[in-house]
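Remarks on the structure that follows.
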Number of protein chains: 2
Amino acid sequence: MNALFKALNDPTRRAILERLRNGPASAGAIAEQFQFSAPTISHHLDLLRQAELVTSQKQGQFVVYTLNMTVFDELMGWLIQFKS
Amino acid sequence: MNALFKALNDPTRRAILERLRNGPASAGAIAEQFQFSAPTISHHLDLLRQAELVTSQKQGQFVVYTLNMTVFDELMGWLIQFKS
DNA sequence: TCAATGTTTAGACAAATGTCTAAATAAATT
DNA sequence: AATTTATTTAGACATTTGTCTAAACATTGA
């Protein structure tokens with residue numbers, strides 16, 4: 001839960017998640033959309049992976065990142081506590 | 001949205017929110033449940049208020065904090081994007 | 001009015017965070 | 001084999017964050 005909220009507490013990381021709604025993408029393809037350096041984006045992707053918000057698979061020289069929607073359920077569950 | 005995720009990115013603040021599920025409470029009553037100093041809890045309450053996750057009303061010498069569930073809807077809305 | 005109680009403000013400080021550049025690793029191409 | 005392309009790792013650095021103590025402010029009660 002800590003890693004989850006930590007990962008979400010950054011606008012760039014949230015934008016990456018929104019980008020991945022359109023489907024999986026390589027680290028480079030993701031990085032292109034932002035003004036930050038590749039290492040910075042790589043680090044953001046690492047935090048998203050630690051929170052299990054994304055998974056990654058190596059495809060040749062590329063590393064493809066995919067949204068993991070499972071974790072959103074967990075968050076939703078936490079939120080629903082407050083609605084009742 | 002930034003203030004919201006920032007506010008949620010701390011276990012003490014999340015615990016305060018869970019405490020407030022049981023009903024409104026004064027700053028002092030909240031602080032009693034934690035090992036941190038009163039100023040520290042006051043600061044956490046301030047961040048929760050900035051995120052509009054709580055509201056506060058002065059009642060005599062006490063300041064009573066109340067959960068504002070409206071904001072949870074906003075968060076839920078953001079999450080639901082990812083489920084479809 | 002003075003003292004006690006409840007809360008916030010101010011300022012300090014260590015730890016965590018987001019960014020960068022340079023270098024390392026890995027795969028594909030020539 | 002050497003070079004290019006894709007990505008990560010390492011290390012540095014400024015900023016932000018969470019905590020504290022001391023002091024200020026506000027309300028109540030003696």
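Letters go in sequence order (proteins before strands), and every chain restarts at 1. All values below were derived from every heavy atom in this structure, side-chain atoms included, with hydrogens, water molecules and symmetry-related copies excluded.
- In this structure, the separation between CG on A/Leu20 and CD1 on A/Ile30 is 4.5 Å, given to the nearest 0.5 Å.
- Atom CG of A/Asn9 is separated from atom C1' of D/dT16 by 11 Å (rounded to the nearest Å).
- Which of C/dT8, C/dT5, D/dT7 sits closest to the side chain of A/Phe62 comes down to D/dT7.
- Across the protein-nucleic acid pair, A/Leu47 atom CG and C/dT19 atom P stand 10 Å apart, rounded to whole Å.
- Although no hydrogens or angles enter the test, the distance criterion places a donor-acceptor pair under 3.5 Å between the side chain of A/Asn68 and the main chain of A/Glu52.
- Of the inter-residue distances, the one linking B/Leu8 atom CG with B/Leu53 atom CG reads 5.5 Å to the nearest 0.5 angstrom.
- Each side chain to side chain donor-acceptor pair (under 3.5 Å) pair with one or both residues in residues 38-47 of chain B, not counting sequence neighbours, appears once here: B/Arg13-B/His44, B/Ser37-B/Thr40, B/Asp46-B/Arg49, B/Asp46-B/Gln50.
- Of the residues in residues 12-28 of chain A, those lying under 4.0 Å from DNA chain D by heavy-atom distance are A/Ser26, A/Ala27, A/Gly28.
- Going from atom CG of B/Leu8 over to atom C1' of D/dT17 covers 16 Å, rounded to whole Å.
- When the P atom of D/dT19 is taken as reference, atom CZ of B/Phe34 falls 10 Å away, rounded to whole Å.
- Listed nucleotides C/dT8, D/dT21, D/dT19 differ in distance to B/Tyr65; the shortest reach to its side chain belongs to C/dT8.
- Residue A/Ser37 places no side-chain N or O under 4.0 Å from the OP1 or OP2 atom of C/dT19.
- If you check every strand for non-hydrogen atoms under 4.0 Å, B/Asp10 touches sugar and phosphate atoms only.
- Counting heavy atoms from C-beta outward, B/Ile80 and B/Met76 have side chains that approach closer than 4.5 Å.
- Regarding B/Asp46, its CG atom lies at a distance of 12 Å from the C1' atom of C/dT7, rounded to whole Å.
- Atom CE of A/Met1 is surrounded by more than 12 heavy atoms from other residues, nucleotides or ligands within 6.0 Å.
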Side chain to side chain contact (heavy atoms under 4.5 Å, CB included) between B/Arg14 and A/Asn2, intermediate numbers included: CA-CA 10 Å; B/Arg14 293 197 299 274; A/Asn2 250 313; 3.4 Å; yes

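- Counting heavy atoms from C-beta outward, B/Lys83 and A/Asp73 have side chains that approach closer than 4.5 Å.
- With distances taken from any side-chain atom of A/Gln61 to the nucleotides D/dT28, C/dG18, D/dT5, the minimum falls on D/dT5.
- In terms of phosphate contacts, A/His44 brings no side-chain nitrogen or oxygen within less than 4.0 Å of OP1 or OP2 of C/dT17.
- Between A/Lys6 and B/Pro39, the one whose closest nucleotide on DNA chain C sits nearer the 5' end is B/Pro39.
- The interatomic distance linking B/Phe5 (CZ) with D/dT17 (C1') rounds to 19 Å, in whole Å.
- Between A/Thr40 and the phosphate of C/dG18, there is no side-chain N or O to OP1/OP2 separation shorter than 4.0 Å.
- For the atom pair A/Arg19 CZ and A/Leu67 CG, the distance stands at 11.0 Å (nearest 0.5 Å).
- A/His43 comes within 4.0 angstrom of a base, heavy atoms only.
- Positionally, the nearest nucleotide of DNA chain D for A/Ser42 lies more toward the 5' end than for the other of B/Phe36 and A/Ser42.
- A perpendicular orientation is assigned to the rings of B/Trp78 and B/Phe5, their planes being inclined by more than 60° (bins at 30° and 60°).
- Near DNA chain D, defined here as any heavy-atom distance below 4.0 Å, there are no residues from residues 49-60 of chain A.
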